[in-house]
Amino acid sequence: MLLRLLLSFSIVIFSAQASARLEILITEGVNSARPIAVIPFKWLGKGPRPQGIAEIVSADLQRSGQFNPISIDKMPKTPSNSSNIDFSLWHDMGVEAIVMGEVKPAKEAGKFTITYELLDVVTGNMGMPEYSPTLDKRRFTVEERKFRHLAHTVSDYVYEELTGEKGAFLTRIAYVAIDRKSTHPYQLRISDYDGYGEKSVLRSKQPIMSPSWSPDGKKLAYVSFEKRRSQIYVQNLYTHKRELMTSFSKINGSPRWSPDGKELALVLSKDGQPEIYILNTITKALRRVTYNRTIDTEPSWTPDGKSLIFSSERGGRPQIYQIELTSGKTKRITWEGEMNLGGTITPDGDNLVLVSRHNGDYKISVQDLDSGELRTLTKTELDESPSIAPNGSMIIYSTVFQGKKGLALVSMDGRFKANIPAKNGEVKSPAWSPFLK
Amino acid sequence: MNLTMISKSLLIALPMLALGACSSNSETDAQSTEANKAATEAAAESTADNTVQTDVVEAVALTEEELLVQEYTYAILETTVRFGFDKSMIQPRYTKILDAHAKYLMDNQDKTLTIEGHADERGTPEYNIALGERRAQSVATYLENVGVSSSQIELVSYGEEKPVNFGHDEAAHAENRRAELTY
C-alpha cells in the first residue's frame with residue numbers, strides 16, 4: 001500500500017527499459033596492453049547469423065585494460081576450432097592467445113549451442129605434442145536473448161585463465177541519473193557494467209544519493225529526499241520491495257553494507273554533527289561508532305568487516321581514518337595532499353582508493369597501505385565517488401567531462417582510462433556491484 | 001519563494017483591524033442610525049425608478065510583498081545566504097536579512113522555518129552534505145542567538161545535489177554555496 005501511495009506522489013518505481021545508454025570511450029592505455037586475437041565465432045546453422053559473441057568478448061577484454069584485441073582485418077586467418085592452426089602466423093604478429101568458437105542451433109527450438117576455445121600461441125608455436133595449446137574449452141546451450149551474458153561469462157573465463165584473477169564482466173553498476181527536463185529528474189538506474197541493459201529502479205522529484213549494493217547483489221541501500229529530508233531506504237531489486245531504514249532529524253546519509261550483509265554503516269547528525277553509526281538491518285538496533293566534535297562521514301568497511309575507514313575533520317582538513325570496531329582504536333591513514341575523502345579499501349585489503357586534493361584539484365588516487373605511498377590515477381577534474389570492481393582491477397567514478405557530469409573508468413594501475421559520458425542529462429554516484437554469479 | 005502563506009494570513013488580519021476601527025466610534029451612534037434610515041429609503045427608491053446606477057472601484061491595496069516589507073523591511077524578501085569556499089561563517093552583509101526573518105519568526109510563533117544547506121560540487125557528495133548542514137546550522141545559530149525558538153527551525157542539507165547554477169566554474173560554485181530559507 002505504501003508503494004501505491006508513493007506511485008501517485010513524488011516517487012515512481014518501475015522496471016521499464018529506459019532508452020538512454022552509457023557508452024564507454026577508451027581514452028588511454030590500449031597500446032600497453034597484451035595483444036590477443038578474438039576471432040568471430042563461426043555460425044554453423046542455416047539462415048541469418050545470431051548476434052555476435054566475439055564482438056562482446058573482444059570489447060570486454062579491451063575494456064579490462066589488460067588486453068589489446070587485434071582488429072579482424074589484420075587476422076591472417078579466421079579458424080573456428082583448434083585443429084590445423086598455423087600458430088606461427090599468430091606468433092609472428094605478437095599475439096599471445098586466441099579466442100575462437102562456434103555457434104549452432106541446439107536440438108531444443110530457440111536455443112543455440114556455443115563452443116569456445118582459448119589457445120596459448122607460444123605453446124602452440126613450439127609444436128610439442130605433449131604440451132596442449134588449449135588453455136580452456138567449454139560448451140553452453142542458451143537462448144539468443146542470453147547471448148550478452150554468455151559472452152561476458154566467456155570473457156570472465158578468458159580473463160581468469162590469462163591473468164590469474166577473476167573477471168568482473170558479469171557485474172552491474174548502479175548510479176544516479178539527473179534529467180532536469182523530466183517530471184522525475186532524479187533517477188536511480190542500473191546497467192550491466194558496460195552500459196547495456198540500463199533500467200531505472202527509482203524515479204523521484206527530489207535527489208537520490210549514495211547507492212550501495214548488498215553483498216549478495218540483490219538489494220540497494222540509498223538516500224532519498226522524497227520527503228524533503230534525507231532518509232535511508234533499502235530496495236530489493238528483484239521484488240521492488242522498499243524498506244525505510246532511518247529517518248532521524250537532519251542527516252541520514254552514506255549507507256554502506258557490511259561484508260556479511262547484516263549491517264549498514266551510515267552517517268547521522270541527530271546528536272549534533274555528522275557521526276558514524278552502525279544499523280542492524282533486521283533488528284534496526286543502532287550503535288554509535290565515532291564520538292567527535294567535528295565532521296565524521298563516508299564510512300566504508302574493510303574487507304574483513306572488522307574495521308571501518310571514514311573521513312574526518314578531527315585533524316583540521318578532512319583526512320581518512322580507520323577505526324577497529326571491537327576496540328574502538330582509531331588511527332589516521334592518510335597524510336599526503338591538502339585533503340583526502342571518499343576512501344574505500346580494495347578487495348585484497350592492500351590499497352586504499354580515495355579522492356585526494358592537490359593544488360585545488362580533486363583526483364582519484366590510490367595509497368599503498370603498507371608503504372603509505374600515494375599515487376594519482378586520473379587526469380580528469382572534480383573527481384568523486386570512486387567505486388571499485390569486485391575483482392579490484394578497475395575503478396568507476398564520477399567526474400566532469402566536457403562541461404557535464406559523467407562517469408569514467410580508470411584501471412588500478414592508472415594505465416587504462418575511459419570516459420562514460422551521459423547521453424542526456426548527467427550521471428553521478430556510481431556503485432559497482434559485487435560478483436553476480 | 002514561499003512567503004505566500006505568510007502574506008495570506010496578513011490579508012485576513014488587515015480587514016479585521018479596519019472593522020474594529022469603524023465600530024468603536026460611540027459618540028455619533030444615534031445620529032448615524034437616523035441617517036441610515038434615510039439612506040436606506042433613498043437606496044430603495046433609486047433602485048426602483050432606475051434613474052441612477054452605482055458601481056464600485058477596486059480598493060488600492062498593498063501587495064503581499066509590500067505588506068511584509070512594511071513590517072519587516074525589504075530584507076524579509078531575501079531568502080538566500082551565500083558562503084565562501086569551505087566556509088560556514090555568516091558574512092556581515094546577510095545580517096539584515098536574517099534579522100528580518102528572526103523578527104518575523106518571533107512575531108509569528110506558529111511559523112516554522114526550514115533552512116536548506118547547499119554546497120558546491122567540489123569534494124565528495126557525502127562531505128558536501130556535511131558542509132551544507134554546517135551552513136544551515138550556522139544560520140540557525142544566528143537566528144537562535146537573536147531570540148528565535150529552536151522549535152521553529154528545521155534543518156535539511158542537500159549538499160551538492162541541488163545546484164542553482166549548473167555550470168562547473170568558479171562563478172557557478174559561488175552561487176551554489178548557500179543556505180535557503182523556506183517557510
Side-chain angles (χ1 to χ4, degrees), chain A residues 176 178 180 185-186 206-210 223 225 227-230 249-254 256 267 269 272-275 294-300 310-313 317-318 339-343 354-355 357 360-362 381-386 397-398 400-405 426 428-429, chain B residues 2 83-88 112-141 144 150-174 176-177 179-183:
Chain A
V176 175
I178 303 159
R180 295 198 169 84
Y186 302 93
Q206 295 297 329
I208 301 167
M209 287 180 76
S210 320
V223 174
F225 286 82
K227 298 286 197 305
R228 296 265 175 169
R229 53 190 298 197
S230 59
S249 89
K250 306 208 288 176
I251 294 171
N252 296 259
S254 210
R256 282 287 187 101
V267 173
S269 61
Q273 64 295 325
E275 297 286 352
T294 57
I295 291 169
D296 288 335
T297 187
E298 302 181 311
S300 175
F310 61 98
S311 311
S312 177
E313 282 191 335
R317 291 265 179 208
M339 58 164 76
N340 290 295
L341 289 162
L354 69 162
V355 179
R357 195 178 93 181
D361 279 343
Y362 296 82
E381 283 170 47
L382 295 164
D383 299 348
E384 58 186 29
S385 308
Y397 63 100
S398 159
V400 172
F401 176 64
Q402 292 175 347
K404 271 173 75 180
K405 221 168 202 118
E426 302 193 325
K428 61 183 294 188
S429 299
Chain B
N2 221 330
F83 296 88
F85 174 58
D86 228 353
K87 295 283 190 299
S88 54
T112 313
L113 173 71
T114 299
I115 307 170
E116 293 180 2
H118 299 269
D120 69 34
E121 63 185 341
R122 288 179 288 182
T124 59
E126 314 296 352
Y127 181 60
N128 283 329
I129 282 286
L131 276 187
E133 180 162 285
R134 189 185 277 167
R135 286 178 182 139
Q137 184 63 59
S138 177
V139 172
T141 303
E144 285 167 28
S150 61
S151 64
Q152 283 179 270
I153 298 173
E154 278 182 20
L155 304 184
V156 56
S157 174
Y158 286 104
E160 62 174 79
E161 310 303 316
K162 284 186 141 183
V164 282
N165 185 325
F166 303 136
H168 302 283
D169 54 4
E170 188 51 54
H173 291 160
N176 292 333
R177 289 188 300 267
E180 284 185 14
L181 311 179
T182 60
Y183 287 95

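Residue numbers begin at 1 in each chain, while the letters A, B, ... track the order of the sequences.
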Under 4.5 Å from a heavy atom of chain A, the part of B:Glu121 involved: both

Side chain proximity check, A:Glu298 to A:Val355, heavy atoms < 4.5 angstrom: no

Option in A:Ser254, A:Gly342, A:Ser385 with maximal non-hydrogen atom pairs under 4.5 Å from chain B: A:Ser254

Short side-chain to backbone donor-acceptor contact, B:Arg135 and B:Glu116, under 3.5 Å: no

Portion of A:Leu382 that has a non-hydrogen atom of chain B nearer than 4.5 angstrom: side chain

B:Asp120 side chain to B:Arg177 backbone, donor-acceptor under 3.5 Å: no

Under 4.5 Å from any heavy atom of chain B - which part of A:Lys404: backbone

Interface moiety of A:Arg180 toward chain B, non-hydrogen atoms closer than 4.5 Å: side chain

Side chain, backbone, both or neither of B:Glu154 within contact of chain A (heavy atoms, under 4.5 Å): neither

Proximal component of B:Asp169, with respect to chain A [non-hydrogen, under 4.5 Å]: neither

Pair B:Glu126-A:Ser311, side-chain donor/acceptor within less than 3.5 Å: no

Heavy atoms of other groups near B:Glu144 CD, more than 12 under 6.0 Å: yes

From OG (A:Ser230) to CD1 (B:Ile129), nearest 0.5 Å: 6.5 Å

Donor-acceptor contact present, side-chain B:Asp86 to main-chain B:Gly84, <3.5 Å: no

Best-contacting candidate, A:Ser429, A:Gly403, A:Gly253, against chain B by heavy atom pairs under 4.5 angstrom: A:Gly403

Contacting moiety of A:Thr297, where chain B heavy atoms sit under 4.5 Å: side chain

Chain B contact via A:Glu313 - which portion, at a heavy-atom distance below 4.5 Å: side chain

